[in-house]
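Structure first, commentary second.
Chain letters run A, B, ... following the sequence lines, proteins first, then strands; residues in each count from 1. Quick caveat, the model's predicted, so the values are computed rather than measured. Hydrogens, waters and symmetry mates are skipped; everything else that's a heavy atom, side chains included, is used.
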Amino acid sequence: MDENEVREQRLQKLQSLREAGVDPYAIERYERTHTCAQITSCFEALENQTVRIAGRMTAHRPKGKVVFADIRDQSGRIQVYVKRDDLGEEAFRRFEDLDIGDILGVEGWVFRTRAGEITIHVTEFVLLAKCIRMLPIGKEKDGVHYSGLHDVETRYRQRYVDMLVNTEVRDVLIKRSLVIQTVREFLMERGYLEVETPVLQVEAGGAAARPFKTHHNALDYDFKLRISLELYLKRLIVGGVERVFEIGRVFRNEGLSTRHNPEFTLLELYEAYSNLEDMMDLVEEMYARVCIAVHGSPCLTVRHRSETGDFQETVVDFSARPWKRLPILEGIERYAGISPDAFKTLESAKRACEQAGIPTEHEHNIGGIIEKLHERFTQPRLIHPTFITDFPVETSPLAKKRPDNPALTRRFEVYVATQELGNAFSEINDPMDQRARFEDQLLQRQAGDEEAHPLDEDFLRALEYAMPPTGGLGVGIDRLVMLMTGQDSIREVIPFPLLRPEKPPG
RNA sequence: GGAUCGUUAGCUCAGUCGGUAGAGCAGCUGACUCUUAAUCAGCGGGUCGUAGGUUCGAGUCCUACACGAUCCA
């Protein structure tokens with residue numbers, strides 16, 4: 001019996017139900033008195049009481065003139081018990097005919113079976129929605145799962161089935177929502193204004209990434225989808241909003257990996273009259289708050305690759321303030337053994353990088369080499385929360401220069417469990433400096449760097465009206481959720497991750 | 001873009017040296033009035049990812065392509 005035959009058979013069942021005057025899609029609401037989980041947790045109070053629950057039938061075990069079935073709702077699972085002598089021949093027959101996956105409303109009284117399982121003894125039931133496809137539901141005993149749905153491609157393509165069958169997927173989404181809610185509350189408490197800025201932009205700026213292009217018909221203009229939130233939020237700072245944030249989807253036209261989805265959720269916030277150190281304080285408080293919201297404690301067990309390459313667990317404590325701070329060049333000196341002196345000229349930097357075994361043919365400036373060495377040598381060592389500071393000027397075109405060393409910037413990135421989890425600057429508010437940085441980016445673009453920032457004349461005009469000194473922060477929400485839920489792939493924290501279309505066009 | 005691995009029943013997976021396509025679960029029929037991975041008896045279910053090639057013979061070997069996973073760029 002293949003899948004289509006099963007579907008045919010269930011459609012026929014549906015037809016005969018309709019002929020008998022029962023439309024299994026006609027009912028609009030069902031009044032529940034409890035959730036499945038409440039019945040188990042409040043058993044003492046509910047024993048022998050009548051309750052009404054609703055949910056999906058995930059197992060049924062007919063046993064002669066009785067049937068045991070499992071009903072699952074969002075809260076959990078409960079067993080129901082149906083007896084022919086109670087329901088009568090006709091209703092019992094209808095219950096026997098139900099299929100795994102059907103959605104039911106059930107009324108009955110609560111008792112405990114001889115085997116000790118809390119169960120509802122059904123006095124009445126109603127089919128609320130018929131399932132006409134086979135549900136690949138697995139079985140479980142003593143926490144061990146048998147069968148089920150594991151094929152990741154099917155899981156991502158048919159996420160609705162994945163979630164039904166693998167309930168932990170839903171738990172991740174719940175935690176994702178909790179992370180976002182906690183961030184939003186945290187910022188609201190501090191007087192931040194939440195805004196929404198344009199997704200369709202003339203020039204997609206604010207980050208080093210290639211944009212998606214789209215077309216507006218009425219204006220007959222090719223717009224780009226945003227790659228960051230930065231330049232519009234700063235315009236609002238110019239406009240007199242002193243604390244502003246946005247949690248929004250951005251789009252980067254790049255490859256897919258366990259850490260990259262072409263559309264992802266970014267938090268950016270800007271605070272006038274604040275600097276980089278204020279952003280550090282904010283990050284320390286905010287992450288501890290998020291961790292407490294998700295885990296009830298600021299301590300988190302993280303999984304990461306050890307130096308030998310296999311996985312290792314470490315407990316990190318977000319409340320252990322202040323977090324470590326490490327200038328990027330000191331990190332490279334410590335973990336790659338390359339002296340900061342090596343980065344005085346492009347030639348010596350390239351030489352040092354090659355000696356460390358990393359090719360430099362695609363690197364055209366010292367900053368790019370520094371970041372590469374950082375990613376290769378320092379980043380894998382950053383387990384406990386750490387601020388890496390003093391990023392090179394060439395790769396930080398929106399961050400203020402250090403007054404004492406214009407080759408470095410007032411910028412940090414946060415790392416936890418070897419993952420980058422935030423990027424902050426004391427923002428450039430000198431319009432002349434900002435123009436010079438954009439022009440440097442244009443040179444890099446002409447040299448073949450397709451990810452170089454575009455020059456945004458209107459943004460420069462805004463800066464010329466004067467932007468107060470401002471601290472800004474960006475956080476990849478998906479990666480923060482990955483950290484908080486212990487997921488190794490970004491696709492596990494996105495309900496519908498991007499996949500290649502199932503069938504090629506044509 | 002490159003490397004490696006994978007794609008067999010609805011699901012999870014076996015398939016030896018190239019020689020008739022297998023199991024468990026799910027499904028169907030029957031038995032069973034406290035089962036719980038229910039049990040027992042029986043039955044059905046396959047374009048072996050796609051297209052070529054080698055061969056008397058291909059799930060198995062070769063080539064290309066598709067989709068996915070992991071790592072690298």
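Nearest to the side-chain atoms of K139(A) among the listed nucleotides U35(B), A26(B), C28(B) stands A26(B). Here the nucleotide nearest the side chain of K141(A), chosen from A37(B), C34(B), G27(B), is A37(B). Listed nucleotides: C28(B), G45(B), C34(B). Nearest to the side chain of D99(A): C28(B).
With a 3.5 Å ceiling on both atom-pair distances, A58(B) lacks any Watson-Crick or G-U wobble partner. Across all strands shown, nothing is found opposite C17(B) as a Watson-Crick or G-U wobble partner with both distances under 3.5 Å. Using N1 to N3 plus N6-O4 or O6-N4 for Watson-Crick, or N1-O2 and O6-N3 for G-U wobble, each under 3.5 Å, A9(B) pairs with nothing. In this structure, U63(B) and A51(B) make a Watson-Crick or G-U wobble pair, each of the two defining distances being under 3.5 angstrom. The partner of G30(B) is C40(B), by the rule that a Watson-Crick or G-U pair needs both atom distances under 3.5 Å.
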Can you check nucleotides 21-23 of chain B for protein contacts, nitrogen or oxygen pairs under 3.5 Å, and list what you find?
none

Between the protein and nucleotides 68-70 of chain B, list every N/O to N/O distance that falls short of 3.5 Å.
from   : atom 1 : to      : atom 2 : distance (Å)
G68(B) : OP1    : R500(A) : N      : 2.8
G68(B) : OP2    : R500(A) : NE     : 3.2
G68(B) : O4'    : E153(A) : OE1    : 3.1
A69(B) : OP1    : R491(A) : NH1    : 3.2
U70(B) : OP2    : R491(A) : NH1    : 3.4

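A straight line from CD of E96(A) to C1' of A31(B) spans 12 Å, rounded to a whole angstrom. As a whole-Å value, the separation of L256(A) CG from C72(B) C1' is 16 Å. Taking atom OH of Y146(A) as the reference point, atom C1' of C25(B) lies 12 Å away to the nearest angstrom. Counting to the nearest Å, the C1' atom of G24(B) and the CD1 atom of I137(A) are 17 Å from each other. Rounded to whole Å, the distance from NE2 on H362(A) to P on G1(B) is 15 Å. With rounding to whole Å, K83(A) atom NZ is found 11 Å from U33(B) atom P.
Within the nucleic acid shown, P359(A) has no heavy atom closer than 4.0 Å to any nucleic acid atom. Among the atoms of the strands shown, base atoms are found under 4.0 Å from some heavy atom of F111(A).
Taking atom P on both nucleotides, U8(B) is separated from G49(B) by 6 Å, rounded to a whole Å. Nucleotides G44(B) and G27(B), compared at atom C1', are 9 Å apart to the nearest Å. Distance check on atom P: G1(B) versus G46(B) gives 38 Å, rounded to whole Å.
Put simply, the residue from R259(A), H260(A), E254(A) that forms a side-chain hydrogen bond (donor to acceptor under 3.5 Å, both in side chains) with S257(A) is H260(A).
Side-chain N/O atoms of Q79(A) and base N/O atoms of U35(B) include a donor-acceptor pair closer than 3.5 Å.
Annotation: of the two residues near RNA chain B, P136(A) and V66(A), the 5′-most nearest-nucleotide partner is P136(A).
Side-chain contact annotation: R411(A) with N423(A), donor-acceptor N/O pair under 3.5 Å present.
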